[in-house]
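Contents: one structure, followed by commentary.
Treat the numbers as computed from the prediction; the structure is a model and nothing was measured.
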Amino acid sequence: MLLEIDPRGSLSSISSPFYYYYIITSIFFSMLLQVIVTLRLFDFILPLLQTLGLPITNEQIQEMKLNLDNIDFKMAAEEEKQLRHDVMAHVHTFGHCCPKAAGIIHLGATSCYVGDNTDLIILRNAFDLLLPKLARVISRLADFAKEHANLPTLGFTHFQPAQLTTVGKRCCLWIQDLCMDLQNLKRVRDDLRFRGVKGTTGTQASFLQLFEGDHQKVEQLDKMVTEKAGFKRAFIITGQTYTRKVDIEVLSVLASLGASVHKICTDIRLLANLKEMEEPFEKQQIGSSAMPYKRNPMRSERCCSLARHLMTLLMDPLQTASVQWFERTLDDSANRRICLAEAFLTADTILNTLQNISEGLVVYPKVIERRIRQELPFMATENIIMAMVKAGGSRQDCHEKIRVLSQQAAAVVKQEGDDNDLIERIQSDAYFSPIHSQLQHLLDPSSFIGRAPQQVQRFLEEEVYPLLKPYESVMKVKAELCL
């Protein structure tokens with residue numbers, strides 16, 4: 001949290017760092033935008049009611065249009081203090097600005113016509129903000145993967161040395177997860193349905209009464225409002241609210257994104273410890289207040305920290321949906337106002353930071369090469385055995401020879417702290433003289449990476465680049481960290 005200093009110089013309030021540093025995203029969830037959307041929802045429905053035959057005048061509609069941006073928050077706050085109802089507070093405040101239209105402003109509608117439909121519009125727009133940012137992260141990592149597609153590096157399973165891979169192939173593991181996230185975010189965004197006009201318990205009874213039993217006009221109004229808001233479909237069935245399982249789906253894909261980012265940034269932190277790769281580190285940046293030599297991976301650590309927060313937010317809509325009694329209970333409201341906004345703000349922060357990391361990743365090939373030299377002799381033993389058999393040797397005899405020499409070399413590494421000398425031992429053993437001239441070839445790291453470079457190329461061309469094509473126009477935006 002941040003302490004804000006007011007003009008008089010006192011520490012006056014505490015606010016979330018998300019709202020301070022990520023102002024564009026925070027605007028999406030601000031009271032200002034919510035009220036603006038709310039008033040436009042009134043503006044959507046009343047001309048449509050007039051079109052369908054209700055006695056609403058052009059003068060009333062024009063008065064409303066002229067006052068859509070005339071929001072008196074001070075009056076609304078006073079109204080809400082008295083009424084203890086946020087929507088009705090703004091209905092009364094807007095009515096004060098539009099005296100001719102005051103009597104029809106909330107005609108046939110409910111608080112959830114305003115609140116739920118506003119939320120759905122904001123959720124859709126928030127997805128539209130996140131999707132290009134995620135695409136840019138994938139694009140930057142794709143460039144990195146292509147550049148390092150052929151650079152051998154030691155693979156790890158259980159964080160123990162395993163067979164070689166390449167730096168670019170490992171990066172593709174990260175990209176693949178993020179591509180799944182991009183597809184999932186787009187799917188949930190496109191699957192959002194408008195609540196539309198459904199009345200107090202979802203039966204549309206108030207609108208049926210307004211239209212004197214004309215079911216066709218009720219359905220027509222629902223369709224017209226939905227299209228006006230930019231949605232392709234509306235829910236046919238609702239209670240007072242749209243089903244809160246929608247919020248579960250929204251936060252599920254955001255939490256899944258958090259899991260992907262946590263894995264990626266944990267890998268980067270571990271590689272930083274191995275000195276094989278580093279995130280950007282500015283010239284004047286301080287890694288530690290006590291240890292001036294340190295280069296802590298603070299960006300990756302921040303991503304991991306926030307990703308954990310993002311993943312835990314999923315529990316809120318899960319529990320909320322499970323306790324929505326019958327057509328609705330109001331204990332969803334306060335919780336949703338926090339968790340939905342926090343989830344998108346957290347995801348936005350993470351993506352800004354991860355893009356910054358991916359634009360400045362530094363690789364240290366010499367460190368990687370040295371670690372390969374330490375481990376490769378053990379990995380090459382199978383190739384050495386096969387070469388000896390081809391030269392006329394016995395597999396079992398060769399296996400025993402290498403087993404003994406490997407144990408001796410391992411003791412040197414573990415007990416004496418010296419370099420792995422297995423190859424020197426093989427070179428000095430007359431038994432292996434038939435293949436001494438082949439040893440350099442048998443130890444070439446590029447012969448141990450399999451099809452990693454080809455996999456990188458195919459993956460980028462067949463899966464990644466087509467997925468990024470819709471976002472080509474926004475790829476040049478750079479990520480700047482605000483903290």
So, does Ser305 use its side chain to make a donor-acceptor pair with the main chain of Arg302 at under 3.5 Å? no
Taking side-chain contact (heavy atoms from CB on, under 4.5 Å) as the test, write out the residues that go with Ser428, two or more places apart. none
Does any non-hydrogen side-chain atom of Arg189 lie less than 4.5 Å from one of Leu130? no
So OG of Ser111 and CG of Asp86: to nearest 0.5 Å the spacing works out to 7.0 Å
If you look only at pairs with a residue in residues 433-444, which of them pass as a side-chain hydrogen bond (donor to acceptor under 3.5 Å, both in side chains), with sequence neighbours excluded? Asp444-Ser446
Cut-off 3.5 Å, side chains only: do Asp247 and Tyr242 have a donor facing an acceptor? yes
With side chain to side chain contact (heavy atoms under 4.5 Å, CB included) as the criterion, how do Val367 and Leu274 come out once you've worked through the C-alpha distance, each side chain's angles and the decisive distance to 0.1 Å? CA-CA 8 Å; Val367 177; Leu274 298 175; over 6 Å; no
Any side-chain heavy-atom pair from His148 and Thr153 closer than 4.5 angstrom? no
So side-chain hydrogen bond (donor to acceptor under 3.5 Å, both in side chains) across residues 255-269, not counting sequence neighbours, yields Trp174-Asp267, Asp181-Ser256, Asp181-Ser260, His262-Thr266, Lys263-Asp267
Check: Phe127 ring centroid to Phe344 ring centroid under 6.0 Å: yes
Please tabulate, for side-chain N and O atoms in residues 231-241, each donor-acceptor pair with protein atoms closer than 3.5 Å (sequence neighbours left out).
residue : atom : partner : partner atom : Å
Gln240  : OE1  : Arg328  : NH1          : 2.9
Gln240  : NE2  : Thr200  : O            : 3.1

Residue pairs passing the salt bridge (charged side-chain N to carboxylate O under 4.0 Å, His left out) test with at least one member in residues 450-465, sequence neighbours excluded, are Arg458-Glu462
Listing, residues 380-399 side-chain donor-acceptor contacts under 3.5 Å, not counting sequence neighbours, or none:
residue : atom : partner : partner atom : Å
Thr381  : OG1  : Phe378  : O            : 2.8
Ser394  : OG   : Gln396  : N            : 3.4
Ser394  : OG   : Asp397  : N            : 3.4

Can you check whether Gln454 reaches Gln457 side chain to side chain, under 4.5 Å on heavy atoms? no
Would you sort out whether Ile121 and Leu41 count as a side chain to side chain contact (heavy atoms under 4.5 Å, CB included), showing the intermediate values? CA-CA 10 Å; Ile121 291 170; Leu41 284 168; 4.3 Å; yes
So Leu257 and Asn184, do their side chains get closer than 4.5 Å, heavy atoms only? no
Check whether any side-chain heavy atom of Val412 lies under 4.5 Å from a side-chain heavy atom of Arg425, and answer yes or no. yes
Is a donor on one side and an acceptor on the other found under 3.5 Å between the side chain of Glu279 and the backbone of Arg299? yes
With sequence neighbours left out, what residues match Lys478 under salt bridge (charged side-chain N to carboxylate O under 4.0 Å, His left out)? Glu359
For Thr226 and Asp222, indicate whether the former's side chain and the latter's backbone hold a donor-acceptor pair under 3.5 Å. yes
CD of Glu249 to CG of Leu251, rounded to nearest 0.5 Å, is 11.5 Å
Could you check if a side-chain atom of Pro445 sits within less than 4.5 angstrom of a side-chain atom of Ile449, using non-hydrogen atoms only? no
dist Lys476:NZ -> Ser139:OG (nearest 0.5 Å) comes out at 11.5 Å
Could you list the residues that satisfy side-chain hydrogen bond (donor to acceptor under 3.5 Å, both in side chains) with Tyr113, not counting sequence neighbours? none
Who pairs with Arg244 by salt bridge (charged side-chain N to carboxylate O under 4.0 Å, His left out), at least two apart in sequence or on another chain? Asp116, Asp332
Do you know the tightest heavy-atom contact between Tyr364 and Met277? CD1-N, 4.2 Å
Check for a donor-acceptor pair, side chain of Arg170 on one end and backbone N or O of Leu154 on the other, with a separation under 3.5 Å. yes
Would you confirm whether Ser252, through its side chain, and Ile248, through its main-chain N or O, come within 3.5 Å as a donor-acceptor pair? yes
Regarding Gln355 and Lys133, is there a side-chain donor-to-acceptor distance under 3.5 Å anywhere? no
Test your reading of the model: is there a side-chain donor-acceptor pair from Asn117 to the backbone of Arg195, 3.5 Å cut-off? yes
Sorted by chain and residue number, the salt bridge (charged side-chain N to carboxylate O under 4.0 Å, His left out) partners of Lys146 (sequence neighbours excluded) come out as none
Reported CZ-to-CD distance for the pair Phe156 and Glu375, which is rounded to 0.5 angstrom: 7.5 Å
If I compare all heavy atoms of Ile175 with all of Ala145, which pair ends up nearest, and what's the gap? CD1-CB, 4.0 Å
Side-chain touch Val323/Gln319, heavy atoms, less than 4.5 angstrom: no
Which heavy atom of Leu164 sits nearest to which heavy atom of Pro152, and what is that distance? CD1-CB, 4.5 Å
I want to check something: taking the side chain as every heavy atom from C-beta on, are Tyr471 and Leu182 in contact at a cut-off of under 4.5 Å? yes
Would you check, one step at a time, whether the test side chain to side chain contact (heavy atoms under 4.5 Å, CB included) holds for Ile368 with Ile372? CA-CA 6 Å; Ile368 294 173; Ile372 289 174; 4.0 Å; yes
Worked check of salt bridge (charged side-chain N to carboxylate O under 4.0 Å, His left out) between Lys223 and Glu219: CA-CA 6 Å; Lys223 185 174 183 291; Glu219 290 196 6; over 6 Å; no
Which pairs pass salt bridge (charged side-chain N to carboxylate O under 4.0 Å, His left out) with one or both residues in residues 361-372, sequence neighbours excluded? Glu276-Arg371, Lys366-Glu369, Glu369-Arg373, Arg370-Asp419
How far apart are the closest heavy atoms of Arg336 and Asp119, and which atoms are they? NH1-OD2, 3.0 Å
Rounded distance (nearest 0.5 Å) linking atom CG of Leu129 with atom CG of Leu134: 12.0 Å
Please list all pairs meeting side-chain hydrogen bond (donor to acceptor under 3.5 Å, both in side chains) that have one or both residues in residues 158-167, counting only residues at least two apart or in different chains. none
Which atom names give the shortest non-hydrogen contact between Asp331 and Asn335, and what distance separates them? O-CB, 4.4 Å
CE/Met475: more than 12 non-hydrogen atoms of other groups inside 6.0 Å: yes
Taking all atoms of both residues into account, what is the closest heavy-atom pair of Cys179 and Val464, and its distance? SG-CG2, 4.1 Å
In sequence, state the C-alpha distance, the side-chain angles, and the governing distance for Met379 and Leu376, and then conclude on side chain to side chain contact (heavy atoms under 4.5 Å, CB included). CA-CA 5 Å; Met379 299 177 191; Leu376 192 58; 4.2 Å; yes
Quick one: CG on Leu460 to CG on Leu468, what's the gap to the nearest 0.5 Å? 9.5 Å
